[in-house]
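One structure below.
Excluded from the calculations below are hydrogen atoms, water molecules and symmetry mates; all remaining heavy atoms, backbone and side chain alike, are included. All values derive from a computational prediction rather than experimental measurement.
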Amino acid sequence: MKRRKPQRKPPRKPRAKAPVPAPATGSDADPLADAQIRPLLERYCRLAGVKQAARGPDHSELSLPPPERPFFRDRAALRVAFSLDALERDPDAEIAVLGSPFLSQLIEAIRARASRLSLGLIAPPGVARDPEDVELTIPVRDGTAKRGETRRAVHPVGRLVARVVLRAGAGVEEAVVESDVFDLSAGARVGDDLAGAFRDLEAGRVDPAKPSVAGDAAPIPAREPADVVRLLLGHLQEKSAERVAARRAVAEKDLALELARLDRYFETILKEQTDPESLGTVTALAERRRAEEIRRSEVKAVVHPLQLIEASALIERVEWRLESTRGRRATFSAQCSLSGAADWIMACPQCGAPPATLVVCRHEGGHCSCDACSHRCSVCAEDFCAEHGIGQCRVDGQPACDEHVRVCPSCRLQHCTAHAGVCAEDGHAACTACLAPCGSCGRVICNRHAEQSHAEAPKGSRRLCAACLRYCEGGTSEPVGVDEVVQCATCSKSVCTVHRAECVVDGEAHCSRHLHRTDESRRLVCGRHRAGCALEPAAIFASDEVGACASCGKLVCADHAALCIEDGLRHCVTHLEPLHDATGSYACAAHRKQCHMDGHAFSLKGAKDCPVCGKGACTEHRVPCAYCGRHVCTADLSRESRRCATCTRLEAIATPELPAEVVTAARSVTRGAPKPSRAWRMARDRSHLVVEVDLGLRRRAVFTVRHGESVPDSVVRHSLLGSKQRR
């Protein structure tokens, strides 16, 4: 045997004794502080070196050292009241109640400087328990148990002090809660004897034992901090269950009142709405407000760990070697504290509860658990603890070990390999709950690569893959299937058959951005067949509703154009005039005459040029000349003589001076060559030469010859018996 070297004993640090407050006298003090706040303050003062002086049974004064002053607004001293009487006696004191600024400052100081308190080794009474008396009476599922070694060990034990804040609606409740004493290695609640010894050591009623008392007992490390906090917080949750239930009952009552108020409020608003779009907007707002109120009234517990108080205890351990039928091995131990007459504790290594059945985990770590925190994999049928698998598959709700657990990239939930599939989009794995065939092409795709069409789509609500997905440009870009759309003839974008519309000119489908309604007929027309009127540029017309003016070539609509009565062509209103002699008819500039007497437009037959002045004149303003027989305008006719202006200015001309065409025309009038003895008079106007020839015996012949012609246009013979027009 190797000789052990003697260990040097570490020097013992003197323990600061906490000041003992004076006892309360009668019922004069009305305590407001939680029962846990005052001991918490005393422990903080003892550890942080804060001097606490009692000014009364419910009144204390704190003298803060420089390192602690930043937590209390840089004050060197402050007074604390634990009752209303003390606050009335000293109004400048800080009240120590839940939710007060002083408690928040104290908690911050504790969390920053005193989050862990180590008390040392709990002294055993020296009475040893016989480990041979304990037997493993807990059955092992599908396995056997063999007794192993017996040894002593040093286990860490402790408890947690935490602040619990409950929020529900507008209510907030705060409390300081302490857990029971737990074995931080085994994860089980210790017996009453060991818990009492722990509290005596914490209160300073006993001193910690020397490290040499443990002898060669091996220290057993505590669990991981996260695991320890999980166990202790679970116990705190059990202790706060009644408080949480009370807060939930109050929150549900307040929620019912608030929801009833919201329903009445939105009901009055909905009665005033008539527009379907406004009704939908108000209904959506009401649903969102209800959801917000329900979410706000949920009870939420926020736990702030304040201090972990721990010590060491000498434990007697008996171990058993467990082996399953599949060859999996694990170790299970029973503990018994040497402090007091405690019983043997057989706790689940995972949850710390007394197990009804032991289960060997398939994980290679060689550990076991109870049947309450273990499962059997639905894929490989092996047992596993809660840390090495999932309790429920996302698809069928069955457990699965960590080897057969997958995380679906679509829903981010865990599932077993038996319910895994492949998405056809990019070949990634996904759970079968997220996989479904496309409603158009039938490919199996996951929810992340699929989109649901609206119920108002042409073929209803369907699951669509990326290849079959289209967005309708005719509505509000709602998703539809590729078999429900046609392409816009203008931009080639998709438009579904419900929202499709056709151009009235070409009959092709177009999206809403490229279809417009004409202002007059309200027909739909695409941009290519959209036209405008030159006389109304702001209006929209279809290309078949306008036409080019035959006079100027500009496009005009039917309201600003008409057909000429003569040529039947379309002209704009700037080149048309209504005919005075044909009601409702129009004529262009080339097929109408303007009467210069009254300014009215007439058809070519309704108005003729005056032979004297060459201006147009209507029938009403044309009269026959009594001398030459021509119809002239009233402006060129003398009322007294009833002769036209040309006949009134006939001038004598010698026979040799007669134009050749006049001589030719005179022969047809006089039936022979003109005699030199005859008197000739002649006058010229716009269209004719008016010639008067003396026939003798007071007979005269007046004939007219158009310019450039040699045939008389009109012949009138005048005699004593009267006038007679030959032509």
Side-chain angles (χ1 to χ4, degrees), residues 1-4 7 120-141 143-158 181-198 208-223 227-228 231 310-324 327-361 363-371 385:
M1 294 179 60
K2 292 183 180 181
R3 187 175 181 181
R4 298 180 60 186
Q7 297 180 352
L121 180 63
I122 300 176
V127 179
R129 302 292 300 273
D130 186 5
E132 300 297 332
D133 295 341
V134 60
E135 295 291 339
L136 182 62
T137 58
I138 305 173
V140 180
R141 180 193 296 172
T144 59
K146 293 183 180 180
R147 189 180 181 91
E149 63 179 359
T150 301
R151 60 192 178 108
R152 289 188 180 182
V154 179
H155 282 214
V157 295
V181 182
F182 275 75
D183 187 328
L184 302 182
S185 175
R189 188 183 293 108
V190 302
D192 295 338
D193 293 342
L194 183 56
F198 178 88
K210 298 179 180 180
S212 59
V213 175
D216 58 352
I220 303 298
R223 297 189 175 197
D227 195 13
V228 172
L231 288 172
E310 64 178 1
S312 300
L314 197 59
I315 302 295
E316 190 78 39
R317 291 171 56 93
V318 178
E319 296 180 353
W320 287 270
R321 292 187 295 272
L322 310 181
E323 184 175 359
S324 67
R328 308 290 186 182
R329 292 181 177 87
T331 301
F332 178 75
S333 63
Q335 298 89 21
C336 179
S337 172
L338 298 181
S339 300
D343 296 330
W344 287 91
I345 298 177
M346 295 184 182
C348 172
Q350 302 300 320
C351 64
T357 303
L358 292 176
V359 179
V360 180
C361 180
H363 196 264
E364 296 179 357
H367 59 276
C368 63
S369 61
C370 66
D371 57 344
C385 66

Which pair of heavy atoms, one from [X] and one from [Y], lies closest together, and at what distance?
X: R141; Y: D371; answer: NH2-CB, 3.4 Å
X: I122; Y: A313; answer: CD1-CB, 4.5 Å
X: P221; Y: P156; answer: C-CG, 4.4 Å
X: R151; Y: E319; answer: NH2-OE2, 3.1 Å
X: P208; Y: G120; answer: CB-CA, 4.3 Å
X: L121; Y: L314; answer: CD1-N, 4.3 Å

Distance in Å, [X] [atom1] paired with [Y] [atom2], rounded so as to fall on 0.5 Å steps:
X: D183; Y: L194; atom1: CG; atom2: CG; result: 8.0 Å
X: R189; Y: D192; atom1: CZ; atom2: CG; result: 10.0 Å
X: R329; Y: E364; atom1: CZ; atom2: CD; result: 13.0 Å

Residues E316, T150; criterion side chain to side chain contact (heavy atoms under 4.5 Å, CB included); working and verdict: CA-CA 8 Å; E316 190 78 39; T150 301; 3.7 Å; yes
Do the side chains of [Y] and [X] get nearer than 4.5 Å, heavy atoms only?
X: C361; Y: C368; value: no
X: T331; Y: L322; value: no
X: V157; Y: E310; value: no
X: H367; Y: C385; value: yes
X: M346; Y: F332; value: yes
X: W320; Y: V140; value: no
X: L136; Y: V318; value: no

Check: Q335/S337 side-chain N/O donor and acceptor closer than 3.5 Å: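 On atom types as modelled, these side chains do not qualify, holding no pair under 3.5 Å.
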Donor + acceptor pair across side chains of H155, R317 (<3.5 Å):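 The answer is yes; a qualifying pair exists.
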Intermediate values then yes/no, side chain to side chain contact (heavy atoms under 4.5 Å, CB included), S369 and C351: CA-CA 8 Å; S369 61; C351 64; over 6 Å; no
